[in-house]
Amino acid sequence: MPAPATPTHCPYCSLQCGMTLARAGRVGIEIGVWNEFPVNAGALCRKGWTAGGLRGSRERLTTPFVRDRGTGELRAAHWDEALDLVADRLRTLQEAHGKDAVAVFGGGGLTNEKAYLLGKFARVALGTSQIDYNGRWCMSSAASAADQAFGVDRGLPFPLADIEHTDVVVLVGSNLAETMPPAARHLDRLRERGGRVVVVDPRRTPTAERADLFLQPVPGTDLALALGVLHLLDAGGAVDETYVTARTTGFADVRRAAAAWWPERVERVTGVGTDELRALVALLGGERSGRRPRVMVLTARGAEQHAQGTATVLAWIDVALALGMPGKEYAGYGCLTGQGNGQGGREHGQKADQLPGYRMIDDPAARAHVAGVWGVDPATLPGKGRSAYELLESLGVGGGPRALLVHGSNIAVSAPNATRITQRLESLDLLVVCDLVLSETAALADVVLPVTQWAEETGTMTNLEGRVILRRQAVAPPEGVRSDLDVIAGLASRLGSPAAFPTDPEEVFAELGRASAGGRADYSGISYARIAAEHGVFWPCPSPDHPGTPRLFADSFATPDGRARFVVPEYAGPAEEPDPAYPVHLTTGRVLAQYQSGAQTRRIRDLADDGAFVELHPMLAERIGAADGRPVVVRTRRGELRAPARVVTTIRPDTVFVPFHWVGANRLTNDALDPVSRMPEFKVCAAQVLVPIPAPA
């Protein structure tokens, strides 16, 4: 008889598509459809269909490794030896240099249970304030903007399928068709029923090919474009004055700011023609339909990964508020979360400034509540630490941490200005990495600990809709591999932690629920049984008899007075503009077959791995003498990358594109930070492109 199939979810993006898993052969996994899960209704992208490719791989780690101080090489070690070594060195470093000498770096792909326990481990077992995670580089600008405008951050405040029922959807900096293909069907269904799709992107992507209107701004100018939209909406009488008066505050200041962004000025800054800008405003304001349409504005990394990312998102939220959309059925503003648990990962304690339930760590009431759940004195909890990039930049220098524990992140590939960050990792007294494979970061480590992958463990994730879902264990992990929960508990015990660290994921989730109770992200009414019975539960869900909250803001916003906030966004442009030495814009992003740093997908044989490439326009190629398929060099003030050219007409002539899944792209990117979210400016910097001189024969 065939092995029974286990319903679970994909290990990759924030859709968390439903799938089934069954054992195939001795170590293989067979992936099947789970039609009942509503987010994808059985559809999967090629990454999902091939997700079992690491199972049984020769590159899979199945034993701890410790770096031999004599030879400098990694050697196999027993678990007790590795954990004892780590605990002893952590204790020694903290005794000599203080609690903050040890730092923790998490990931947006960790389950809620792991993210929660990692935050507890940092603050209770280690007593360090130095914890952050790679989600700081994914959602932080949208999160800080939503907090300011609405009082709460949930990527989509409505189910994803609502896209099909709006009238106009505006995608700003999103290549939905490649980054989360099963979601693109909602765009198709929207258009089938007469709705319109607008795409704003410096590249004509497969998503842009689905658009009724495509705007191609200069990278880093989405904020100016939004101000131009606000200007024309106001000038044309398309602002919903009744909604603005009844449900918002602050519009008068935004109106004055937008008045300075007339169409000709917007065109000079963004490169978007005045006729294109007016066409967008006509769609949003209903000039072509004769009625006020329902509008949905969705941002993604293209708009957010900037030194002005928070202000850019606020500007597009201002557009949605001016139209009266947030809280209206099938309308509003939302953010398309990137990582699998980018939402849940930031709600329960991985961020430097947060405690579980999306509580702030400097709030005395929040500290008292969470400390009570943990059974410790609130005064013993550390305060706010450094944000992700600032934490990494401080490693091994001055008063910065001297040891780093990494869970679920490949920093050496994914960090901006990656050469500098790699140097900081190499300067540490102790680097410990938990991973499935010997990633580029794990290869630098003093201790590498092999941990379970998604099919081998149970735990919850929170997808882009705020839907808490359950990943179920389908197969046993290889002998010698442990869960991150076991690693955390083992270290906590060795360090003499005053609090207990359970290893059963359902027990951890129940504790997470108690810690989140009363917070903005309240999970206290959610259980594994409810998730299984209801195909996921939307937070906030404050009690077992609460139905969950698929849609937010229908009656009020999560602000003290219940009103949304207009916030004035001031345009300053990219932190690094082109100049004669670096005359073009560089932008980065994803490709269909790869995911994040590629640590998993680059090791799956059925996924195309052609390596990095440089996408450039024929006009630029002709000017520098580049040819399709031939190598070019992209150079910025931080580093350079050599890769084959792809000459295409779908990119702006003043811009080049490099995917970030391979080593090299983030050696180029700018580490300028958003002043609010501390998001680095991944999406634009000044670059030069040249054809390398052939080596002499």
Side-chain angles (χ1 to χ4, degrees), residues 14 135-149 153 155-156 169-176 178-180 197-205 207-208 211 213-230 261 266 269-272 277 280 284 295-321 332-339 342 464 567 569-575 585-590 652 655 657 660 669-670 672-685:
S14 65
R136 177 77 69 170
W137 303 336
C138 175
M139 286 289 298
S140 59
S141 290
S144 60
D147 277 338
Q148 290 181 60
D153 152 43
L156 293 182
V169 62
V170 182
L171 293 167
V172 187
S174 168
N175 185 10
L176 191 71
E178 285 196 280
T179 57
M180 45 183 71
V197 174
V198 179
V199 172
V200 179
D201 199 307
R203 303 166 62 226
R204 182 179 284 277
T205 64
T207 308
L213 179 62
F214 171 52
L215 307 182
Q216 198 167 16
V218 172
T221 64
D222 296 315
L223 171 51
L225 184 65
L227 287 167
V229 170
L230 279 167
W261 286 91
V266 173
V269 172
T270 68
V272 174
L277 182 64
L280 171 56
L284 300 180
V295 175
M296 201 176 276
V297 178
L298 304 176
T299 65
R301 306 305 81 70
E304 299 158 11
Q305 288 182 321
H306 294 275
Q308 280 205 292
T310 301
T312 299
V313 175
L314 283 167
W316 286 101
I317 290 175
D318 286 345
V319 169
L321 288 171
Y333 164 78
C335 168
L336 296 168
T337 309
Q339 295 188 80
L464 77 171
V567 179
E570 296 184 3
Y571 177 74
H585 302 277
L586 168 67
T587 191
T588 66
R590 300 180 184 179
R652 290 181 57 90
T655 301
F657 167 84
F660 57 58
T669 49
N670 196 352
L673 300 180
D674 181 292
V676 180
S677 68
R678 316 310 288 169
M679 167 76 83
E681 189 151 69
F682 286 101
K683 279 294 182 281
V684 62
C685 65

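- Annotation: side chain of Trp316 is not in contact with side chain of Val313 (no heavy-atom distance under 4.5 Å).
- In this structure the side chain of Val199 never reaches within 4.5 angstrom of the side chain of Leu215, judged on heavy atoms.
- With hydrogens and angles disregarded, a donor-acceptor distance shorter than 3.5 Å links the side chain of Glu681 to the backbone of Ala307.
- Rounding to the nearest 0.5 angstrom, the gap separating the CD1 atom in Ile317 from the OG1 atom in Thr299 is 7.5 Å.
- Checked by atom type and distance alone, the side chain of Arg301 pairs as donor or acceptor with a backbone atom of Cys138 at under 3.5 Å.
- Between His306 and Asp674, every side-chain heavy-atom pair lies at or beyond the 4.5 Å cut-off.
- Contact check for Val218 versus Val684: no side-chain heavy atoms found under the 4.5 Å cut-off.
- When side chains are defined from C-beta on, Thr587 does not count as touching Phe682, because their heavy atoms never get closer than 4.5 Å.
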Between Val198 and Val169, is a side chain to side chain contact (heavy atoms under 4.5 Å, CB included) present by the stated rule, with each step listed? CA-CA 6 Å; Val198 179; Val169 62; over 6 Å; no
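- In this structure, Asn670 contributes its side chain and Cys685 its backbone to no donor-acceptor pair below 3.5 Å.
- Side chains of Glu178 and Thr205: a donor-acceptor N/O pair is absent below 3.5 angstrom, by distance only.
- Between Leu673 and Met679 the shortest side-chain heavy-atom distance does not fall below 4.5 Å.
- Nearest heavy atom pair, residue Ala226 against residue Ala315, reads CB-CB, 3.6 Å.
- Val200 has its side chain within reach of Leu225: a pair of non-hydrogen atoms, C-beta onward, lies under 4.5 Å apart.
- Looking only at distances, no side-chain donor or acceptor of Asp153 sits under 3.5 Å from a matching main-chain atom of Asp147.
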So Leu298 and Leu156, side chain to side chain contact (heavy atoms under 4.5 Å, CB included) or not? Walk me through it. CA-CA 9 Å; Leu298 304 176; Leu156 293 182; 3.9 Å; yes
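- Considering CZ of Phe660 and NZ of Lys683, their distance stands at 5.5 Å, rounded to 0.5 Å.
- The nearest pair of heavy atoms linking Leu176 to Thr207 is N-OG1, 2.9 Å.
- With hydrogens and angles disregarded, no donor-acceptor distance shorter than 3.5 Å links the side chain of Thr221 to the backbone of Pro217.
- Closest heavy-atom contact between Leu223 and Tyr571: CD2-CA, 3.6 Å.
- A donor-acceptor pair is defined here as one N or O able to donate and one able to accept, closer than 3.5 Å; such a pair exists between the side chain of Gln308 and the backbone of Gly573.
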Test log, rule side chain to side chain contact (heavy atoms under 4.5 Å, CB included), inputs Val319 and Leu284: CA-CA 9 Å; Val319 169; Leu284 300 180; 4.3 Å; yes
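- No hydrogens or angles considered: a donor-acceptor pair under 3.5 Å links the side chains of Ser677 and Ser141.
- The two residues Leu314 and Ala149 come nearest to each other via the heavy atoms CD2-CB, 4.3 Å.
- Of all non-hydrogen atoms in Asp222 and Ala303, the two that sit nearest each other are OD2-CA, 3.7 Å.
- Using modelled atom types, no side-chain atom of Gln216 and backbone atom of Asp201 make a donor-acceptor pair closer than 3.5 Å.
- With rounding to the nearest 0.5 angstrom, the CE atom of Met180 is 5.5 Å from the CG atom of Leu464.
- Taking CG of Leu336 as the reference point, atom CG of Asn175 lies at 11.0 Å (rounded to 0.5 Å).
- A distance of 9.5 Å separates CH2 of Trp137 from OG1 of Thr669, quoted to the nearest 0.5 Å.
- With contacts defined as side-chain heavy-atom distances shorter than 4.5 Å, the pair Met139/Ser14 does not qualify.
- Atom CH2 of Trp261 sits about 8.5 Å away from atom OG1 of Thr270, to the nearest 0.5 Å.
- Here the shortest heavy-atom pairing between Pro569 and Ala311 reads CB-O, 3.5 Å.
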